[in-house]
Amino acid sequence: MAYGNLETLYRQVIMDHYKNPRNKGLKGDESFYTVHIKNPTCGDDLTIQIKVEDGRITEIYQDGVGCSISMSSASVMSETVKGMKIEDAIKVIDNYVHMVKGEAFDENLDMGDAIVYQGVSQFPQRFKCATIAWNALSKAIEKHLNCPYHKDEE
Amino acid sequence: MAYGNLETLYRQVIMDHYKNPRNKGLKGDESFYTVHIKNPTCGDDLTIQIKVEDGRITEIYQDGVGCSISMSSASVMSETVKGMKIEDAIKVIDNYVHMVKGEAFDENLDMGDAIVYQGVSQFPQRFKCATIAWNALSKAIEKHLNCPYHKDEE
Amino acid sequence: MDVHSIRKDFYILVNSDLVYLDNAASSLKPKPVIDMINFYNERLGVNVHRGVYRLSHEATELYEGAREKVAKLLNCRFEEVVFTRGTSSALNLVASSLGMQIIELGDEIITSELEHHSSMLPWQNVARKKNAKLVFVPLDEDKRITVENFKKVLSDKTKVVALNYISNAMGYITPIKEIIRLAHEKGAIVIVDSAQAAPHMPIDVKDLDCDFLAFSGHKMCGPTGIGVLYGKHHLLQTMEPVEFGGDMIDTVELSCATFKETPYKFETGTPIIGGAIGLGAAIDYINSIGYDFIMQQDNILRDYMLQEMKNINGITIYNPKTDTGIVSFNIDGVHPHDAATVFDQENVAIRAGHHCAQPLMRCLNQVATIRASTYFYNTKEDIDRFIQAIHKAKAFFDSFI
Amino acid sequence: MDVHSIRKDFYILVNSDLVYLDNAASSLKPKPVIDMINFYNERLGVNVHRGVYRLSHEATELYEGAREKVAKLLNCRFEEVVFTRGTSSALNLVASSLGMQIIELGDEIITSELEHHSSMLPWQNVARKKNAKLVFVPLDEDKRITVENFKKVLSDKTKVVALNYISNAMGYITPIKEIIRLAHEKGAIVIVDSAQAAPHMPIDVKDLDCDFLAFSGHKMCGPTGIGVLYGKHHLLQTMEPVEFGGDMIDTVELSCATFKETPYKFETGTPIIGGAIGLGAAIDYINSIGYDFIMQQDNILRDYMLQEMKNINGITIYNPKTDTGIVSFNIDGVHPHDAATVFDQENVAIRAGHHCAQPLMRCLNQVATIRASTYFYNTKEDIDRFIQAIHKAKAFFDSFI
Ligand SMILES: Cc1ncc(COP(=O)(O)O)c(C=O)c1O
Ligand SMILES: Cc1ncc(COP(=O)(O)O)c(C=O)c1O
C-alpha cells in the first residue's frame with residue numbers, strides 16, 4: 001500500500017496548524033459575526049467569529065474540537081482570509097471548495113497555506129472535515145451581507 | 001389450459017348449495033352459541049349459530065356474504081354436522097382441514113357432501129374461503145366447551 | 001420505444017405465459033433495477049453516513065444519489081426528499097407529526113370516499129384524537145372528485161386537504177392543481193397521495209405547489225419497502241420527528257436531544273439503503289422509458305380494453321370513463337373471488353377485492369370488484385387474453401344455472 | 001465449520017483485500033441471501049395477501065414463511081412477530097404505542113447511558129410528553145450494567161425498562177434475564193434492544209420472558225430496511241396501531257375503523273416483502289453456520305485481538321473486558337477520524353465515531369472512539385492486518401511530533 005496518498009493529505013503544515021492553532025479563542029465582543037457549526041455524524045464542532053470593517057475581514061477567531069483536518073483548516077482558513085476583502089474571501093472559499101472536491105480550480109489565486117489541502121481531493125470521506133471551517137466562514141459572510149450593521153445576537 | 005382443475009373446485013353440488021343455501025338465517029334465541037367471523041382481506045363475512053343438547057349439535061344456522069366457496073361450504077357444513085355429537089364434529093373439522101390443505105386425511109370418515117371440497121387442495125389461494133365456516137364452527141364448539149351452560153352474550 | 005424489447009427486461013414476461021394486469025398493486029421489476037440492488041448487497045453491503053472507509057463512502061454516495069434522483073424527478077430540493085417505507089408510511093408521517101401539531105378542536109380535514117385507506121385513515125385518526133371533523137368531497141355521479149364539489153366543502157375551517165392524485169380503484173386523475181390553489185387561498189395544507197400517479201405521469205411539485213406528496217417504489221419498477229415523502233422545506237423544518245434514535249440526532253443529553261436538519265431528522269436508524277438505491281435505479285429506468293411513452297401505452301391499452309369489454313354482455317364496468325389503465329368491473333352474478341380463480345387458471349393476474357377502498361365499495365354497492373391495471377410493458381395481446389378470460393369465466397359459471 | 005469455505009459466500013471477502021471489522025454497524029451479505037432477494041424481485045416481484053393469482057400466493061407464502069422462521073429463531077408464536085423497518089423503528093413502535101398508552105405523570109422509565117440512541121431516545125420522548133422520569137442504571141467502573149446497580153434504581157414507580165442485550169459500543173452482555181425477573185416483580189414492562197445480540201447469540205424470548213425484543217436484518221447477514229419487533233401476544237393485542245391505512249384494517253367506515261389482529265395491525269401498507277424474504281434467508285444462513293460456531297469465532301478473535309492490542313503502547317482500550325468481538329479504543333493523541341483514514345488506506349474497515357451512544361462517550365470522556373467488531377467470517381489474519389494498521393497509524397502520526 002503506497003503511503004504517498006496519506007502524505008499528500010497530512011502535510012507537515014497541516015499538522016503544525018493542528019498542534020499550534022492560530023487565531024484560537026473566541027471574543028465576547030458583539031461587533032463580531034459568530035457562526036457555530038457542527039457535524040453531528042463525526043462530532044466536529046467549530047465556532048468562528050469575524051469582524052468586518054470597510055468591507056474587509058479585519059479580525060477572525062476560531063475555536064472548536066475535531067480531527068486534525070477540520071481543526072487545522074480552521075486555523076489555516078483564519079490566517080488566509082484575515083485582512084481580505086469580503087469579495088476576495090468569497091472567491092477563495094469557492095476556489096478552495098472546488099479544489100478539495102477535486103474539481104477544476106484557479107491555481108493562481110492566492111490561497112496561502114490553504115493550497116496544501118489539495119490532497120483532500122483523494123479522500124472524499126474527509127471532504128466535510130476540510131470544509132467545515134470554510135462553510136462557517138461562508139455563513140458568517142452571509143450574515144454580514146444580510147445585515148451589514150447588525151450587532152450579532154449570539 | 002386444462003379446465004379439469006376448475007371443475008374439481010366448482011362442483012355442481014357446491015354451486016347448488018351456493019344458490020340454495022341450507023339452514024340459512026339466524027335465530028334470536030339465547031341458547032345458541034353464536035360466532036361471527038370475517039376475512040378482512042376478501043370481505044367474506046359469516047355468522048353461525050349452534051345449539052348443543054346432550055353433547056349433540058341439535059340445531060345450526062348460518063348467514064353471511066362471500067364467494068361461492070365460502071358460502072356454499074357454510075351451507076354444506078351446517079348439513080354435515082347437524083345432529084352430530086360434538087366429538088364427532090371435531091373429528092370432521094379436523095379431517096376436512098387436512099383434506100382441503102392437501103394433506104393425508106381419513107377418506108372413510110363420513111363427511112357428507114363436504115367431501116366435494118377435496119378439489120380446493122389444488123387451489124391454496126382459496127383455502128381460506130373453504131375453511132371460514134369450519135373455523136367458525138370450531139370456535140362455536142370451543143365456546144360451548146368453555147362454558148357448557150352459558151347463555152350467549154352476543 | 002418498442003414494447004417487445006422493453007419486455008425483455010422483465011424475467012417473468014420473457015419466461016412465462018403470464019398476463020400481468022395487477023400493476024396498480026405492484027409493478028414487476030426490470031433487470032437494471034435488480035442488478036443495482038444486487039450491486040449494493042453484493043459489492044458494498046455496508047452501512048452509510050458514518051463510515052470513513054471507502055465502501056461506506058460509496059454506499060453513501062449511491063444512497064444520497066438516489067435522493068438526488070428523486071429530487072430531480074419531482075423538481076424539488078434535495079432536502080425535501082424523505083425516504084420512508086412506502087406511501088402509507090409517508091402519509092402517516094405527515095399526519096402524526098404535522099397533523100397532531102396543527103389540528104385543533106373544530107378544524108376540518110377534507111378527504112374523499114375515493115381515497116385509498118392509507119390516504120384517509122391517518123387523518124381519521126388525527127380527527128378522532130383532536131376532535132376535528134373529517135369532511136368528504138361529494139363524489140359526482142361517476143364517483144369522481146371535481147373542483148366544483150371540492151368548493152362545496154372547502155371552508156375557512158379547512159386546515160388540511162388529503163386527496164389522491166390518481167385513484168387506485170377508479171383510475172381517475174384528480175384535478176389536484178386547481179384544488180391546491182383553492183385550498184391555499186384558505187391557508188390549508190394539501191397532501192397528495194401519488195402512489196398511482198408517480199408510476200404513470202410526470203410530477204412537478206413546484207408547478208402543483210402541493211405541500212406534501214407521497215409515493216412508493218414498488219409500484220414504479222422499484223423494490224418493496226421504500227417510498228418517498230416530499231414536503232416543502234419550511235414545513236418539514238417545523239415538524240417534529242416521529243421516530244427517535246440513531247442517525248437523526250445532533251446532540252443527545254440524558255434529558256433532552258436536538259435533531260439533525262430535514263430530511264435526516266425523519267430517517268431514524270440505519271436507512272433503507274438497498275431500497276433507496278433500488279428506487280434510484282427504478283427512476284433511471286422509468287426516465288429511460290419516458291413518461292410520454294408510459295402515458296401513451298396506458299391510453300392505448302385502456303381504450304382497447306374498454307372497447308372490447310363493452311361488447312361483452314353481463315358485466316358491469318364501474319369506471320367506463322377511467323383516465324388511466326385502471327378498469328374496475330364485475331361479472332354479473334359471479335362473486336369477484338370466484339371470477340379471479342378463473343383468471344388465475346387462464347394465467348391472467350388481476351385483483352379481486354376492495355382495493356383498500358371500502359368507502360368507495362360502499363358507494364358502488366359492491367363488496368368487491370375485479371380490477372385490471374396496465375403498465376407500459378403490457379400489450380394488446382395481453383388485453384385479448386384478459387378479454388378471453390372474462391368470456392371463460394362467464395361461460396364457466398353460466399354452466400351452473 | 002471452516003471459515004475459509006464460509007468466506008466464499010461473501011463476494012467482497014473473495015474478490016478484495018478488505019479486512020471488514022465494522023460488523024456491529026452492518027454485516028456483509030452472503031450469496032444465498034442475495035439470491036433469495038433476487039428470486040423474489042425477479043421471479044415473483046408482486047404484492048402479497050390480496051392477490052388470488054399464483055405468483056401473489058407464492059410471494060405471500062415466502063413472506064409469511066419468513067415470519068415463521070423468525071418465530072422459530074426466537075421461540076415465540078407466529079403472531080408475535082411484527083416486521084418493521086429495523087430495530088429503531090421497532091423500538092419506536094413500542095414507545096409511541098404502548099408507551100404513550102401506559103406512561104403517566106411521575107412514572108419511572110429505566111434505561112442506561114450504555115444504550116444506543118435508538119433504545120433510549122424513544123423513551124426520552126415519552127418521558128418528556130408524559131412528564132415521567134427517565135432513570136439511568138448507574139454503570140459500574142467498567143461502564144457495565146449490573147444486576148446490583150439495576151436494583152438501586154428499580155422501584156414501585158418503574159413502569160418500563162428499556163435496555164440493550166449487547167452494547168454496540170462496549171460489547172458487554174447485559175444480565176438481562178435476571179433484570180427482567182426483577183422488573184416483573186414490580187410489574188414493569190421490559191423492552192430488550194437485541195440489535196447486537198440477534199446476530200451473535202441464540203435468543204429464547206420464552207426463557208428470557210422479555211415483553212418486547214427488537215433486532216435488524218442488516219446486522220445479521222440480511223438486507224437493510226427490515227427488522228423485527230417481538231412482543232408478547234397479550235401486550236400487542238392491547239396496543240394501538242401507530243400507522244393507519246391499507247392492509248391493517250378490518251372494516252373502514254367514514255368516521256371510524258376497526259383493525260386486524262396482531263401482527264397485521266402494525267404492518268400498514270404494502271409490506272417489506274423483499275426485505276422479510278431476505279431476512280428469512282439470512283436466518284436460514286445463520287442457522288446453517290450455527291450460533292455455537294459464531295460465538296466461538298467471536299471469542300477466539302476477541303481474545304487474540306485484545307492480547308495483541310495490549311502489546312501496543314500508546315493506545316487506550318475502553319472495554320478490555322468486552323464479552324464479544326467488539327473492541328473500542330483510541331490511539332493516544334490521535335483523533336479517531338484521523339486514525340480511521342490510515343485504517344482505510346490499509347484497507348481495514350473499522351468505525352470511528354460516537355456509535356450512536358453519545359451519553360456513553362461522555363462517560364468515557366471521549367468525543368469518539370475507534371471500534372473494531374468481528375463476525376464469524378473474520379480470521380486471525382484479519383486481526384493481524386488490523387494490528388498492523390494500528391502500528392502504521394501510530395508511526396504515521398508520531399512522525400509529526
Ligand atoms: C445496540 C443497537 N441498538 C439499536 C440499533 C439500531 O438499529 P438500526 O439502525 O438497524 O435501526 C443498533 C445499530 O445501529 C445497535 O447496535
Ligand atoms: C392510491 C394509493 N395510495 C396509497 C397506497 C399505499 O401504498 P403502499 O402500500 O405502498 O404503502 C396505494 C397502494 O397500495 C395506492 O394505490
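First the proteins, then the strands, lettered A, B, ... as listed; each starts at 1. Because the structure is predicted, anything quoted here is derived from the model rather than measured.
For Ile350(C), the part lying near chain D is the backbone, with the side chain staying farther off; criterion is any non-hydrogen pair under 4.5 Å. There is no contact between Pro30(D) and chain C, counting heavy-atom distances below 4.5 Å. Using a 4.5 Å cut-off between heavy atoms, Phe343(D) does not touch chain C at all. Heavy atoms of Ser27(C) lying under 4.5 Å from chain D belong exclusively to its backbone. Of the two parts of Glu113(D), only the side chain, counted from C-beta on, holds a non-hydrogen atom closer than 4.5 Å to a non-hydrogen atom of chain C. Only the backbone of Pro271(C) comes within contact range of chain D, with at least one heavy atom under 4.5 Å from a heavy atom of that chain. Heavy atoms closer than 4.5 Å to chain C are found in the side chain of Gln124(D), but not in its backbone. Using a 4.5 Å cut-off between heavy atoms, Met361(C) makes no contact with chain D at all. Contacts between Ile249(D) and chain C at a heavy-atom distance below 4.5 Å involve the side chain alone, from C-beta outward. Proximity to chain D (any heavy atom under 4.5 Å) is shown, for Phe10(C), by neither the backbone nor the side chain. Contacts of Leu91(D) with chain C are absent, with no heavy-atom separation under 4.5 Å from either backbone or side chain. Contacts between Ile273(D) and chain C at a heavy-atom distance below 4.5 Å involve backbone atoms as well as side-chain atoms. Contacts of Leu254(C) with chain D are made by both backbone and side-chain atoms, with heavy-atom separations under 4.5 Å. Only the side chain of Tyr40(C) comes within contact range of chain D, judged by heavy atoms closer than 4.5 Å. Heavy atoms closer than 4.5 Å to chain D are found in the side chain of Asn125(C), but not in its backbone. Contact of Val242(C) with chain D is made through the backbone alone, with heavy-atom distances under 4.5 Å. Only the backbone of Ser255(D) comes within less than 4.5 Å of a heavy atom of chain C; no side-chain atom from C-beta onward does. Of the two parts of Asn92(C), only the side chain, counted from C-beta on, holds a non-hydrogen atom closer than 4.5 Å to a non-hydrogen atom of chain D. Of the atoms belonging to Ile37(D), it is side-chain heavy atoms, and not backbone ones, that fall under 4.5 Å from chain C. Within the 4.5 angstrom heavy-atom criterion, only side-chain atoms of Arg351(D), from C-beta onward, approach chain C.
Ranking Cys256(C), Ala340(C), Gly86(C), Gly227(C) against chain D, the residue ahead of the rest is Cys256(C), based on heavy-atom pairs under 4.5 Å. The greatest number of non-hydrogen atom pairs below 4.5 Å with chain C, out of Glu240(D), Lys31(D), Lys219(D), His116(D), is found for Glu240(D). Per-residue counts of heavy-atom pairs under 4.5 Å with chain C were compared for Lys29(D), His355(D), Lys133(D); the largest is that of Lys29(D). In terms of non-hydrogen atom pairs under 4.5 Å with chain D, the most contact-rich of Ala357(C), Ser56(C), Pro223(C), Ser88(C) is Ser88(C). Put simply, of Leu55(C), Val33(C), Asn38(C), the one with the most heavy-atom pairs under 4.5 Å next to chain D is Asn38(C). For the set Leu18(D), Thr251(D), Leu121(D), Asn15(D), the count of heavy-atom pairs under 4.5 angstrom toward chain C peaks at Leu121(D). Contacts with chain D were tallied for Pro241(C), Ala257(C), Gly353(C); Ala257(C) has the most, counting heavy-atom pairs under 4.5 Å. Interface check for chain C: of the options Glu115(D), Met120(D), Gln358(D), the most heavy-atom pairs under 4.5 Å are formed by Gln358(D). Note on Cys356(D), Gly269(D), Ser118(D), Gly274(D): by heavy-atom pairs under 4.5 Å with chain C, the leading option is Ser118(D). Ranked by heavy-atom pairs shorter than 4.5 Å toward chain D, the options Ala352(C), Gly225(C), Gly246(C), Ala195(C) are led by Gly246(C). Of the listed residues (Leu28(C), Thr84(C), Val348(C), Asn47(C)), the one with the most heavy-atom contacts under 4.5 Å to chain D is Asn47(C).
A donor-acceptor distance shorter than 3.5 angstrom exists from the side chain of Ser373(D) to the backbone of Asn23(D), with no hydrogens or angles considered. Of the possible donor and acceptor atoms, none in the side chain of Thr60(D) sits under 3.5 Å from a partner among the backbone N and O of Val48(D). Distance alone, capped at 3.5 Å, places no donor-acceptor pair between the Asp247(C) side chain and the Glu267(C) backbone. A distance-only check finds no donor-acceptor pair linking the side chain of Glu42(D) to the backbone of Tyr11(C) [under 3.5 Å]. Side-chain atoms of Thr268(D) do not come within 3.5 Å of backbone N or O of Met248(D) as any donor-acceptor pair.
You'll find the side chain of Tyr20(C) stays beyond 4.5 Å of the side chain of Tyr375(C), heavy atoms only. Residues Phe244(D) and Phe259(D) form a side-chain contact, since some pair of their non-hydrogen atoms from C-beta on lies under 4.5 Å apart. Contact check for Leu93(C) versus Phe266(C): side-chain heavy atoms found under the 4.5 Å cut-off. Inter-residue side-chain proximity for Asp22(C) and Arg371(C) is flagged as met; some heavy-atom pair is nearer than 4.5 Å.
In terms of heavy atoms, Gly45(D) sits closest to Ser26(C) at O-CB, 4.1 Å. Taking all atoms of both residues into account, the shortest heavy-atom contact from Met220(C) to Ser216(C) is CG-O, 3.5 Å. Nearest heavy atom pair, residue Cys363(C) against residue Leu139(C), reads SG-CD1, 4.5 Å.
Considering CZ of Arg54(D) and OG of Ser16(C), their distance stands at 10.0 Å, rounded to 0.5 Å. Here Glu346(C) contributes atom CD and Asp17(C) contributes atom CG; the two are 9.5 Å apart, rounded to the nearest 0.5 Å.
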*Worked check of side chain to side chain contact (heavy atoms under 4.5 Å, CB included) between Asn164(C) and Gln196(C)*: CA-CA 8 Å; Asn164(C) 68 80; Gln196(C) 296 297 334; over 6 Å; no

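Classification of the Tyr63(D)-Phe83(D) ring pair by plane angle, with boundaries at 30° and 60°, yields tilted. Ring orientation note: the planes of His117(D) and His354(D) are tilted relative to one another, at an angle of 30° to 60°.
Salt-bridge check for Arg85(D) with Glu243(D): failed, with every basic side-chain N at 4.0 Å or more from each acidic carboxylate O.
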